Amino acid sequence: MPLQIRSKDEAEGLIEQATEIRVVKGKGDSVKLKMRTPKALYTFVTTADEASAMTKGLKTPIIDF
């Protein structure tokens with residue numbers, strides 16, 4: 001079961017540890033970032049602009065859905 005992250009600071013720390021990031025577009029402007037780490041799967045719900053800013057320049061593979 002994925003763990004939901006509510007803090008942007010916590011999500012930014014997990015993005016750097018992630019082995020894979022999936023970007024799932026929801027209704028309207030909402031986007032869900034799914035970050036796979038060696039320990040667990042984490043999700044973070046945010047806006048499309050904020051998600052693109054957070055994932056910009058990462059070496060981690062990013063998969064868009």
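What you see below is based on every heavy atom in this structure, not just the backbone, and it leaves out hydrogens, waters and symmetry mates. Remember, predicted model here, so these are calculated numbers, not experimental data.
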Original post:
Same cluster or not: are Val45 and Leu3 linked, directly or through other Ile, Leu, Val, Met, Phe, Trp or Tyr residues, by side-chain heavy atoms under 4.5 angstrom apart?
Top reply: no

Original post:
Are Tyr42 and Ile62 joined in one hydrophobic group, where the rule is that I, L, V, M, F, W and Y side chains link up if heavy atoms are under 4.5 Å apart?
Top reply: yes

Subject >> Heavy-atom side-chain contact between Leu58 and Ile21 under 4.5 Å >> reply: yes

Original post:
Can you pull the side-chain hydrogen bond (donor to acceptor under 3.5 Å, both in side chains) pairs that have at least one residue in residues 46-60, sequence neighbours excluded?
Top reply: Thr46-Glu50

Original post:
Which residue pairs pass the side-chain hydrogen bond (donor to acceptor under 3.5 Å, both in side chains) test with at least one member in residues 18-40, sequence neighbours excluded?
Top reply: Glu20-Arg22

Original post:
Do Met35 and Leu41 come within less than 4.5 Å of each other through their side chains, counting heavy atoms only?
Top reply: no

**OP:** Carefully, step by step, assess Val23 and Leu33 under the rule side chain to side chain contact (heavy atoms under 4.5 Å, CB included).
**Re:** CA-CA 5 Å; Val23 180; Leu33 293 175; 3.7 Å; yes

**OP:** If a pair satisfies side-chain hydrogen bond (donor to acceptor under 3.5 Å, both in side chains) and one of its residues is in residues 1-10, list it, with sequence neighbours excluded.
**Re:** none

Subject >> CA sep, side-chain torsions, deciding dist, call: Val31, Val24, side chain to side chain contact (heavy atoms under 4.5 Å, CB included) >> reply: CA-CA 6 Å; Val31 172; Val24 181; over 6 Å; no

Original post:
Can you tell if the side chain of Leu14 reaches within under 4.5 Å of the side chain of Ile5, non-hydrogen atoms only?
Top reply: yes

